[in-house]
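Sharing a structure below in structure tokens format, with a few things to ask.
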Amino acid sequence: MTAKEKYQPVLDLGKALDIKDGDVIEENGILKVKGTAKTQYEKNLLWDKIKEIGGQNPSDIMANIKVADESVYHRHTVKSGETLSKIAKQYYDSPSKYQVIFKANSDILKNPDLIHPGQELIIPNL
């Protein structure tokens, strides 16, 4: 199995995330990937997938992933049934951090219990 075949799920994720300026080269059994993710969260998703496949310190892949927008952790579009607590759990692994998201979006949110599908929320860096 080539490194490219081994890490195909990473390449598929990169395509799904619409990574910009992407490039993939395999040299001497090492997969070299580069590109630009929209946010730090998307970069983290890629690294999590790399580690899931190759372990904590994989030696058969080199990734140079830049972040286009470092001013936020992510931009989240609210889906039906979501709450700020669920969104905080997704990004920060802590539902109680919903207040951080609420505060960062106080220009469009007046009540943390009232969010609507389609709203784009800033998920701030912590």
Side-chain angles (χ1 to χ4, degrees):
M1 172 186 295
T2 66
K4 186 173 183 182
E5 292 169 331
K6 177 179 175 181
Y7 288 100
Q8 189 61 48
V10 174
L11 303 178
D12 293 343
L13 178 59
K15 187 173 184 175
L17 294 173
D18 194 24
I19 298 301
K20 300 295 182 201
D21 306 318
D23 192 27
V24 179
I25 300 169
E26 189 168 357
E27 290 179 347
N28 303 320
I30 297 175
L31 190 65
K32 297 178 180 181
V33 296
K34 70 175 186 175
T36 303
K38 289 182 211 82
T39 62
Q40 183 65 45
Y41 174 72
E42 290 184 355
K43 177 180 177 175
N44 291 353
L45 288 176
L46 286 166
W47 275 108
D48 289 347
K49 183 60 77 177
I50 289 169
K51 290 176 185 176
E52 177 185 315
I53 295 167
Q56 283 299 318
N57 296 301
S59 58
D60 55 353
I61 187 168
M62 293 174 58
N64 180 7
I65 305 164
K66 295 182 169 89
V67 175
D69 185 356
E70 295 180 338
S71 69
V72 299
Y73 184 60
H74 195 58
R75 294 181 188 277
H76 178 86
T77 302
V78 176
K79 295 172 204 66
S80 181
E82 287 186 318
T83 64
L84 286 183
S85 293
K86 285 182 184 177
I87 295 168
K89 173 105 172 94
Q90 176 183 343
Y91 293 104
Y92 302 133
D93 214 22
S94 173
S96 65
K97 293 210 164 124
Y98 77 90
Q99 296 168 343
V100 173
I101 298 170
F102 177 67
K103 185 176 179 184
N105 293 278
S106 61
D107 58 328
I108 61 169
L109 300 178
K110 302 306 172 208
N111 181 333
D113 296 323
L114 291 176
I115 62 173
H116 304 285
Q119 285 179 312
E120 184 178 86
L121 302 179
I122 291 171
I123 309 300
N125 292 307
L126 292 183

Flag if over 12 foreign heavy atoms under 6.0 Å of NZ, Lys79: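 Atom NZ in Lys79 is packed in, count exceeds 12.
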Closest non-hydrogen atom pair between Lys20 and Asp18, with its separation: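 Taking Lys20 first and Asp18 second, the nearest heavy atoms are NZ-OD2, 2.8 Å.
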Do Lys89 and Asp93 come within less than 4.5 Å of each other through their side chains, counting heavy atoms only?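 Yes, close enough: below the 4.5 Å cut-off.
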Say whether, by atom type as modelled, one donor and one acceptor occur between the side chain of Lys49 and the main chain of Tyr7 under 3.5 angstrom.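 Checking the backbone N and O of Tyr7 against the side chain of Lys49, no donor-acceptor pair under 3.5 Å is found.
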Indicate, with yes or no, if Met62 and Ile50 share a hydrophobic cluster defined by side-chain heavy-atom contacts under 4.5 Å among Ile, Leu, Val, Met, Phe, Trp and Tyr.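 Different clusters: Ile50 never reaches Met62 through Ile, Leu, Val, Met, Phe, Trp or Tyr contacts under 4.5 Å.
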Would you confirm whether Asn125, through its side chain, and Glu70, through its main-chain N or O, come within 3.5 Å as a donor-acceptor pair?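 Flag set: sc Asn125 to bb Glu70 pair under 3.5 Å.
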Is it the case that over 12 heavy atoms from other parts of the model lie below 6.0 angstrom from the NZ atom of Lys34?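 Incorrect, the count does not exceed 12.
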Going by heavy atoms in the side chains, are Leu109 and Gln119 under 4.5 Å from each other?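 With C-beta onward as the side chain, the pair touches.
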In terms of ring plane angle, is the pair Tyr73 and Tyr91 parallel, tilted or perpendicular, where the classes change at 30° and 60°?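 Because their plane-to-plane angle is over 60°, the rings of Tyr73 and Tyr91 count as perpendicular.
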What is the distance from atom CG of Leu114 to atom OG1 of Thr83, rounded to the nearest 0.5 Å?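 With rounding to 0.5 Å, CG (Leu114) is 12.0 Å from OG1 (Thr83).
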Is the side chain of Lys43 donor-acceptor paired with the backbone N or O of Ile65 at a distance under 3.5 Å, no angle test?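 A pair under 3.5 Å: yes.
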Heavy-atom pair of closest approach, residues Lys97 and Tyr92: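 So the two residues come closest at CB-CD1, 3.7 Å.
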Measure across Tyr98 and Pro112 and return the closest heavy-atom pair with its distance rounded to 0.1 Å.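 In this case the closest contact between Tyr98 and Pro112 is CE1-CB, 3.9 Å.
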When rounded to the nearest 0.5 angstrom, what is the spacing between NE2 in His76 and CD in Glu82?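 The NE2 atom of His76 sits 3.5 Å away from the CD atom of Glu82.
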So do Leu121 and Ile87 actually touch side chain to side chain, heavy atoms under 4.5 Å?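 Contact flag for Ile87/Leu121 side chains = yes.
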Check whether any side-chain heavy atom of Ile53 lies under 4.5 Å from a side-chain heavy atom of Pro58, and answer yes or no.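 No, their side chains stay 4.5 Å or more apart.
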Does Leu46 reach the side chain of Ile19, with side-chain heavy atoms less than 4.5 Å apart?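 Leu46 reaches Ile19 side chain to side chain.
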Hphob cluster co-occupancy, Ile30 + Trp47, side-chain heavy atoms under 4.5 angstrom: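 No, it is not one cluster - the side chains of Ile30 and Trp47 are not joined through contacts under 4.5 Å.
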Would you tell me whether Ser94 and Ser96 have side-chain atoms, one donor and one acceptor, within less than 3.5 Å of each other?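 Yes, a side-chain donor-acceptor pair sits under 3.5 Å.
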Specify the closest pair of heavy atoms between Ile101 and Ile122, including all atoms of both residues, with the distance to one decimal.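 Taking Ile101 first and Ile122 second, the nearest heavy atoms are CG2-O, 4.0 Å.
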Under a 3.5 Å distance rule, please check whether Glu26 uses its side chain to pair with a backbone N or O of Ala3 as donor and acceptor.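 Judged by distance alone, yes, a pair lies under 3.5 Å.
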Starting at NE2 of His74, measure out to CG of Leu45 and round the result to the nearest 0.5 Å.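 Atom-to-atom, His74:NE2 and Leu45:CG are 7.5 Å apart.
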Euclidean distance, Gln99 CD relative to Ser85 OG, rounded to 0.5 Å: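 Spacing of OG (Ser85) from CD (Gln99) equals 9.0 Å.
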As an exercise, state the distance from NZ of Lys15 to CD of Gln8, rounded to the nearest 0.5 Å.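 Between atom NZ of Lys15 and atom CD of Gln8 there are 9.5 Å.
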Could you pull out the closest heavy-atom pair between Leu17 and Lys38, with the gap in Å?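 Nearest pair, atom of Leu17 first, then Lys38: O-NZ, 2.8 Å.
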Out of curiosity, does Val72 fall in the hydrophobic cluster containing Val67 (side-chain heavy atoms, cut-off under 4.5 Å, transitive links)?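 No.
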Can you get from Tyr41 to Leu126 by hopping between Ile, Leu, Val, Met, Phe, Trp and Tyr side chains that sit under 4.5 Å apart?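 Looking at the clustering, Leu126 is in the same group as Tyr41.
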I need the minimum non-hydrogen distance between Ile108 and Glu120, along with the two atoms involved.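 Looks like CD1-O, 3.6 Å.
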Are the side chain of Asp69 and the backbone N or O of Ser71 linked by a donor-acceptor pair below 3.5 Å?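 Yes; at least one donor-acceptor contact below 3.5 Å.
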For atom NZ of Lys4, is the number of surrounding heavy atoms from other residues, nucleotides or ligands below 6.0 Å larger than 12?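 Atom NZ in Lys4 is not packed in, count stays at 12 or less.
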